[in-house]
Amino acid sequence: MVLSFAFSAMAAPSNAPPQLSKLLEDADSRPITSKRQWLKQCEVLRKEWLKVLGDLPTRKVPLKTEILNTEHLPDFTRQHVRYQVEAGLFTDGYLLAPKDSKGKRPAIVVFHPTTPLQANGVAGLAADYPEEKRQGVQLVKCGYLVWCPRNYIFADGADWRGNAQRVLERHPNWTGMTRMVWDSIRAADFLESMPNVDRKRIGCLGHSLGGKEVLYAMAFDERYKAGVSSEGGIGLRFSNWDDVWYLGPEIKAPGFLRENHEVLALIAPRAFLLLAGNSADHDGSKAFIDAVKPLYALFGREQHLRFVNHGRGHNYPLEARTAAEEFLDQHLKNSGAANTR
């Protein structure tokens, strides 16, 4: 049996919506009424969050992409690929391409949930992995080129905590989540390196652990034009954000004032769908969507922000899949789909 350990090693989460700070006010409590004012405030928020995460690298090493294996399946091609994320540090995953892949296509990064199968599950390599969670396979059959990378906490040679400790030893000012942000940036670099990817139509989708990655990937890399976060627990008190492989225990310290509605604000006005199942995300999660709605309205992009609660627990049922695929198609396949500030 394949298990998903989304809530292990954490205290019971709180479902109560927190009091969220106003986004359309500057440091002096003056209202923000223009896009120009918001862009200045956005940069302030970004810098505040980089104080939490640590500065990201300013230089990128070559990817040194290597194809390890290729499978020709009835509907798509699946390749096992590895590339360099930092000097001497590689990651791997599975690239899925439709059989009739001609011309430039929209591409999606699928961030896998917490499972010992890591990327093998969403990429369709594990027969005992639930079909409903094989998002990589589902999306390649929708015509997307799909990249399913391995999350660093499942790197060989250590457990989740051990892999997080490796990150902190290499980057003492980082958090575990910072490594996920950097990996998502390198995932977009990898997709952009491919001649058949439309650089203006890159999106991402993730469930549970992967849902957390979607939020931060989009916030810190504007190349992601649309994203679907499923049951990640958007509030810092909704799930185990304080674990060392995410943001760490510092977020529970007295005086820590940040919340994830600010991270969501960094995404605006790009397309974002939050999927809840009354588990990690629930009706209380809607407070985060409501907090950024005025910001999307400022840009005239209210339709780019959605919340769906399917009420089916910490799962990715047909209702979630249907909502996700319709949302991604709307924002990545339609003409003029690329949405930026």
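Computed from a predicted structure; not experimentally measured.
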Side chain to side chain contact (heavy atoms under 4.5 Å, CB included) partners for [X], two or more places apart:
X    : result
V308 : L273, L275, R306, A323
V140 : F76, L96, P98, V146
S34  : R36, Q37
A297 : E302

To the nearest 0.5 angstrom, please state how far the NZ atom of K200 sits from the NZ atom of K225. 9.0 Å
Mind listing the closest non-hydrogen atom pair of G176 and Y152 along with its distance? CA-OH, 3.2 Å
Look at the aromatic rings of W160 and W245 and report parallel, tilted or perpendicular, splitting at 30° and 60°. perpendicular
Using salt bridge (Lys or Arg N to Asp or Glu O under 4.0 Å) as the criterion, list what pairs up with E259, not counting sequence neighbours. none
With sequence neighbours excluded, what pairs up with K293 under the salt bridge (Lys or Arg N to Asp or Glu O under 4.0 Å) test? D290
Partner residues of N309 under the side chain to side chain donor-acceptor pair (under 3.5 Å) criterion, sequence neighbours left out: N278, D283
With sequence neighbours excluded, what pairs up with Q303 under the side chain to side chain donor-acceptor pair (under 3.5 Å) test? none
Return the set of residues passing ring pair (Phe, Tyr, Trp, His ring centres under 6.0 Å) with [X] (not counting sequence neighbours), or none when no residue passes.
X    : value
F327 : H331
H310 : none
W147 : Y83, F190

Going by the side-chain hydrogen bond (donor to acceptor under 3.5 Å, both in side chains) test, which pairs reach into residues 88-97, not counting sequence neighbours? H80-D92, D92-R150, Y94-N120
